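Worth knowing before you read on, the calculation uses all heavy atoms, side chains too, and leaves out hydrogens, waters and symmetry mates. Quick caveat, the model's predicted, so the values are computed rather than measured.
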Amino acid sequence: MSASLQSKLPDVGTTIFSVMSQLAAEHGAINLSQGYPDFDPPQALLDALTHAVQNGANQYAPMAGLPALCEVLGEKHRVLYGHEGDWASQITVTVGATEALFSAVQALVHAGDEVIVLDPAYDAYEPAVRLAGGSVRRVPLYSDDFSVDWQRVEEAIGPRTRLLMLNFPHNPTGAVLSREDLDTLEGLLERHSITLVSDEVYEHMVYDGRPHLSLLTRPALAARTVVVSSFGKTCHCTGWKIGYCTAPAPITEEIRKVHQFVPFAVSTPMQKALAEFTAQHPEHHEALPAFYQAKRDLFVSLLEGSRLTLTPTPSTYFQLVDYSALSELDDVAYARHLTMEVGVAAIPVSVFCESFDRRLVRFCFAKDDATLRQAAETLCQL
């Protein structure tokens, strides 16, 4: 007789990103669902990786990350955000941003703790909290512009609240924080003993002249925050699965206790290549806002002749569209219809929410211009 198996996540299935990408492949649809580029990383980065692999960088890296890479990242934070941190005790290289989020939650959340997330919320947050023995309280963003309802956030804070999870630039809506939001957040931390986890993987994709207001820009916030970042998004190499987190030394110490028993260490040649590339080519991340804004503007302009309605996204490489003029279907059914019948794959927004009744789907525009033109031409025929 086989041993009985009791799932720790009985209501969790395969992530929507895998589901829609597989559906796109099965039906030959243009995949604007899962958030990855269909173009290669910079050649200088690929050359650095080849050199690292061929010149001995093939054994375990230090558990916390290659010192050369962590030092470069510390300097990048200083230049971009004015953050004067100690990279050796505050930066940890992880297997993608997802592992950084997971390790941070496992390190900080205890059984019975509560974690506040903002709906729509990236789908990796709640399973990590539940696996740590905690529970999630969802606070919806304002439905018109997806800004934060700080009054509802504060009302949700209780005696068992351990973390507030933030995600700005926001996936899937593209919403960004303002300086007034950071002021409000500072006041919130003065009144409540909670920690922040700030998912900032789209930090270099903020448009129309807006700056990215990292929580690292405010010392009072940085002192209570785990900031999560992603090389996959910044360097067009999502398949490398390299991210990192920055946190005060006492929090970092706890995160590393978990991290060392999840992957232990991260790919040595990739870290070495990323250290070299980031140090020698800062122009790459400096140019990303303009690079992706051009793709956003192209995609939006191409959809002007369609029956879809949209407001150009302020950030990320995702564009929400309203399909109310086309269908009464809910967004999950409509995303499947688009993929299977129309030939363009999208992500339904409701999967990020506890409750959501708007007719919105999310397209990824981190694609070659030819791909965007082909997809838009198809969508304009609806």
Side-chain angles (χ1 to χ4, degrees), residues 35-37 39-80 83 85-107 124 128 197 199-204 216 226-249 251-286 288:
Y36 62 84
F39 43 85
D40 286 331
Q43 187 61 48
L45 177 58
L46 298 178
D47 291 343
L49 176 60
T50 299
H51 185 268
V53 169
Q54 294 178 342
N55 288 271
N58 297 299
Q59 307 309 324
Y60 290 125
M63 180 268 290
L66 283 182
L69 178 56
C70 294
E71 184 174 10
V72 166
L73 295 174
E75 176 61 14
K76 181 181 175 185
H77 289 162
R78 187 192 66 78
V79 171
L80 291 180
H83 179 64
D86 173 32
W87 58 265
S89 64
Q90 296 186 1
I91 294 177
T92 305
V93 181
T94 58
V95 180
T98 304
E99 192 250 310
L101 291 162
F102 183 84
S103 292
V105 169
Q106 301 310 306
V197 173
D199 180 350
E200 301 183 16
V201 300
Y202 298 99
E203 62 183 319
H204 298 304
L216 294 175
V226 180
V227 173
V228 175
S229 306
S230 166
F231 284 111
K233 305 299 187 294
T234 299
C235 295
H236 318 317
C237 57
T238 60
W240 291 21
K241 291 300 295 179
I242 310 287
Y244 60 99
C245 60
T246 306
I251 295 178
T252 293
E253 182 178 358
E254 296 305 311
I255 291 172
R256 289 176 180 175
K257 290 178 183 178
V258 176
H259 167 74
Q260 68 181 336
F261 295 116
V262 180
F264 174 69
V266 178
S267 168
T268 302
M270 291 179 180
Q271 287 193 68
K272 191 171 180 63
L274 287 163
E276 178 182 318
F277 178 77
T278 303
Q280 295 182 4
H281 297 280
E283 74 279 0
H284 172 75
H285 64 254
E286 292 167 355
L288 277 182

Could you list the donor-acceptor pairs under 3.5 angstrom formed by side chains in residues 56-74, with sequence neighbours left out?
from	atom 1	to	atom 2	distance (Å)
N58	ND2	V53	O	2.8

Residue pairs meeting salt bridge (charged side-chain N to carboxylate O under 4.0 Å, His left out), one or both in residues 52-69, sequence neighbours left out, come to none
Evaluate the side chain to side chain contact (heavy atoms under 4.5 Å, CB included) criterion for residues L49 and D47: first the C-alpha distance (whole Å), next the side-chain angles of each, then the deciding distance (0.1 Å), finally the verdict.
CA-CA 5 Å; L49 176 60; D47 291 343; over 6 Å; no
State the OH-OG1 distance between Y244 and T94, to the nearest 0.5 angstrom.
10.0 Å
Smallest heavy-atom separation, C245 atom then I255 atom, equals SG-CG2, 4.1 Å
Once rounded to the nearest 0.5 Å, what's the spacing between atom CG of L45 and atom CE of M270?
9.5 Å
Closest contact, heavy atoms only, V226 versus A104:
CG1-CB, 4.2 Å
Could you list the residues that satisfy side-chain hydrogen bond (donor to acceptor under 3.5 Å, both in side chains) with E99, not counting sequence neighbours?
S103, H259
Decide yes or no on side chain to side chain contact (heavy atoms under 4.5 Å, CB included) for V258 and V262, but give the supporting numbers first.
CA-CA 7 Å; V258 176; V262 180; 4.0 Å; yes
Side chain to side chain contact (heavy atoms under 4.5 Å, CB included) involving Q54 - partner list, sequence neighbours excluded
T50
Calculate, to the nearest 0.5 Å, the distance between atoms OG1 and CD1 belonging to T246 and I251 respectively.
11.5 Å
With sequence neighbours excluded, tell me which residues meet side-chain hydrogen bond (donor to acceptor under 3.5 Å, both in side chains) with H285.
none
Sorted by chain and number, sequence neighbours left out, ring pair (Phe, Tyr, Trp, His ring centres under 6.0 Å) with H281 holds for F277
Taking only residues two or more places apart in sequence, or in another chain, which ones meet S89 in a side-chain hydrogen bond (donor to acceptor under 3.5 Å, both in side chains)?
D86
Could I get the full list of side-chain hydrogen bond (donor to acceptor under 3.5 Å, both in side chains) partners for E75, not counting sequence neighbours?
R78
The complete set of salt bridge (charged side-chain N to carboxylate O under 4.0 Å, His left out) pairs with one or both residues in residues 48-65, sequence neighbours excluded, reads none
K76 and T278 have their tightest heavy-atom pair at CD-CG2, 4.4 Å
Applying salt bridge (charged side-chain N to carboxylate O under 4.0 Å, His left out) as the test, list every pair that has at least one member in residues 255-278; sequence neighbours left out.
E254-K257
According to ring pair (Phe, Tyr, Trp, His ring centres under 6.0 Å), who are the partners of F102, at least two apart in sequence or on a separate chain?
none
Verify, without hydrogens or angle tests, whether Q90 (side chain) and T252 (backbone) share a donor-acceptor contact under 3.5 angstrom.
no
Can you tell me how far the CD1 atom of I242 sits from the CD atom of Q271, to the nearest 0.5 Å?
6.0 Å
Exercise answer: donor-acceptor pairs, residues 228-235 side-chain atoms, under 3.5 Å, sequence neighbours excluded:
from	atom 1	to	atom 2	distance (Å)
S230	OG	G232	N	3.1
S230	OG	K233	N	3.1
T234	OG1	S230	O	3.1

Apply side chain to side chain contact (heavy atoms under 4.5 Å, CB included) to the pair E200 and L216, showing each step before the final yes or no.
CA-CA 10 Å; E200 301 183 16; L216 294 175; 5.5 Å; no
